[in-house]
Number of protein chains: 2
Amino acid sequence: MAQKPTKTRASAKAQIESKIKAAARPRQRAVQERAEITIEKIRVAAIRLFAERGYDGTSIREVENVAGVNRGLVNYHFDNKEALWKAALDQVFGLLETHTKDRAELYRDLPPKERIAYVIRSQVRFNAAHPELNQLMMQEAKSDTPRLHYIVDTYVRPIMEWLQHTAMEALPIEQDEFLYWYYMFLGSSTTVYSMAPESKLLFGVDVMEEKMIDRHVALTTEFLLTRIGGETAK
Amino acid sequence: MAQKPTKTRASAKAQIESKIKAAARPRQRAVQERAEITIEKIRVAAIRLFAERGYDGTSIREVENVAGVNRGLVNYHFDNKEALWKAALDQVFGLLETHTKDRAELYRDLPPKERIAYVIRSQVRFNAAHPELNQLMMQEAKSDTPRLHYIVDTYVRPIMEWLQHTAMEALPIEQDEFLYWYYMFLGSSTTVYSMAPESKLLFGVDVMEEKMIDRHVALTTEFLLTRIGGETAK
DNA sequence: ATCGAAATTTTTCAATTGCTTAAGCTTAAA
DNA sequence: TTTAAGCTTAAGCAATTGAAAAATTTCGAT
């Protein structure tokens, strides 16, 4: 997607040279379908493995194995491990971004209280459908790395700010209390899915089942809407 | 602690042989203090690194560097990486186990509602003081590995069952609802600490500060005690 | 003091890591 | 059909990995 297949076999440095030549070059070709399939298989595997084992715990060879593609293809389609990580992350967070924007649009004309309820509901569903996102996030949020800065600046902050506005408009939350509301929201709506294998072991229940998710949605919504301290809404 | 320094340089297999010889051997010596210091330094470093980077993402050399001890000492004091992980984990979960038992004892004679309030409060404080525990747990809870089985069977289940008893005695939670209450409790009380670097970036606030923790305790308690649906207690 | 075990230090080794190179093979534009 | 870009395959590299072995130092019971 964000790939530059403009390299013959001379590596990255030759890009400038390649660009100069491009002016005089008549030939220009599209990405082939088989490549797109390969890239997609690699991306899917990368998301799973990065989410499950973290950046350092994931090896390129393993990604290739899980993806079922041949040795060397990751380094061809994605220049290096860092770029692969970024591609995986952009895919997952791009999904969240789209989802959030769609919902913001959809619920725009609802009364605040009702709107935040829908937001919570749809967010829980999203987390259930995409546990990798929170898993990736937890991997990175633990230490102050360039990768964390990238995620926060690019994806998390805008979503958080919109959520803050939406929540504080509907609920009697103080400005400096929102931080906790936010993490309670996050924790309440993601933990059970991020830890799905544990919950299976511990309670013998598959929390990914539709009926289970419904229940979780209901409880979380009630939970987060009930104003702390007894009040109900603004 | 659970170490067996009874190896000359012949590795694990020689333990039986070593035991036989032990009967005829007159000399028997205690663990030296310098060794205990080394072991402790390694354990501390291991907890931090395993929590931060996961099992596969942590290298023995890195543990030794962070611990500030010489190459080879990890493999001397802990037979292998797996044993090191188990030692780190036992340390952290042992702390939780002790903490939980102490509190159970301490709050035994309180009325149920009050007891669960204290339990929540003390649990939040514990999570703030030991974010590595939840980080380690999140690392392992994501996939069904032998390591997860070990943690759940040894530490998590007993604590969960006691918590279930304590919570259901005090709050109107249905049997099959408890799962969600549990993970909301977990998520609400740990996420902000596991993701402390993110919250610093996102809100510019150090959530580990005592005043902040107090606030979190208050909110979480109110949150989790407010009966879903409007009721208050049994 | 001194002997031997415990602990540390230093080397060594095979396997795995990220990454590069060099061929070969497909495919689509000319 | 040609032909070069796009793609795949395979081999190889230096660095890092977990683990063990060897060499050396420290320490306590005799």
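Letters A, B, ... mirror the listed sequences (proteins, then strands); counts begin at 1. A quick note: this is a predicted structure, and the numbers were derived from the prediction, not measured.
Here the P atom of nucleotide C/dA7 and the CZ atom of B/Phe78 are 12 Å apart, to the nearest Å. Atom CD of B/Glu64 is separated from atom C1' of D/dG18 by 10 Å (rounded to the nearest Å). In this structure, B/Leu73 places its CG atom 15 Å from P of C/dT11, rounding to the nearest Å. Distance A/Tyr76 OH to C/dA22 P: 16 Å, rounded to the nearest Å. In this entry the distance linking CZ of B/Arg34 with C1' of C/dA6 reads 6 Å, nearest Å. For A/Lys41 and D/dC7, the NZ to P distance is 14 Å, given to the nearest whole Å.
B/Glu52 and A/Lys142 are not joined by a salt bridge, as no carboxylate oxygen comes within less than 4.0 angstrom of a charged side-chain nitrogen.
Not less than 6.0 angstrom separates the ring centroid of B/Tyr180 from the ring centroid of A/Phe223. Ring-centre distance between A/His216 and A/Tyr193: below the 6.0 Å cut-off.
Dashed line: the shortest gap from a side-chain N or O of A/His77 to OP1 or OP2 of D/dT8 is under 4.0 Å. For A/Thr38, no side-chain nitrogen or oxygen approaches OP1 or OP2 of D/dC7 to under 4.0 Å. Under 4.0 angstrom from either OP1 or OP2 of D/dT8 there lies no side-chain N or O belonging to A/Asn70.
Remark: B/Asp214 engages B/Arg125 in a side chain to side chain donor-acceptor pair (under 3.5 Å) (not counting sequence neighbours).
Side-chain contact between B/Asp206 and B/Met212 is absent, with no heavy atoms from C-beta onward closer than 4.5 Å.
The minimum heavy-atom distance between A/Ser194 and B/Met138, with the atom names listed, is CB-CE, 3.8 Å.
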Dot-bracket summary - DNA chain C, pairs being Watson-Crick or G-U whose distances fall under 3.5 Å, with | when paired to another strand: ||||||||||||||||||||||||||||||
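Note on ring orientation: taking the six-membered ring where Trp is involved, the planes of B/Phe126 and B/His99 are tilted (angle from 30° to 60°).
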Within the sub-3.5 Å range, which N or O atoms of nucleotides 15-19 of chain C have a protein N or O partner, and how far apart are they?
from	atom 1	to	atom 2	distance (Å)
C/dT17	OP1	A/Ser59	OG	3.4
C/dG18	OP1	A/Thr58	O	3.2
C/dG18	OP1	A/Ile60	N	3.4
C/dG18	OP1	A/Lys81	NZ	3.1
C/dG18	OP2	A/Ile60	N	2.8
C/dG18	N7	A/Arg61	NH1	2.7
C/dG18	O6	A/Arg61	NH2	3.0
C/dC19	OP2	A/Lys81	N	2.9
C/dC19	N4	A/Arg71	NH1	2.4
C/dC19	N4	A/Arg71	NH2	2.9

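Summarising the geometry, atom CG belonging to B/Leu49 is positioned 11.5 Å from atom CD belonging to B/Glu132; distances are rounded to the nearest 0.5 Å.
Within the cation-pi definition used here (under 6.0 Å to the ring centroid, within 45° of the axis), B/Arg147 qualifies as a partner of B/Tyr55.
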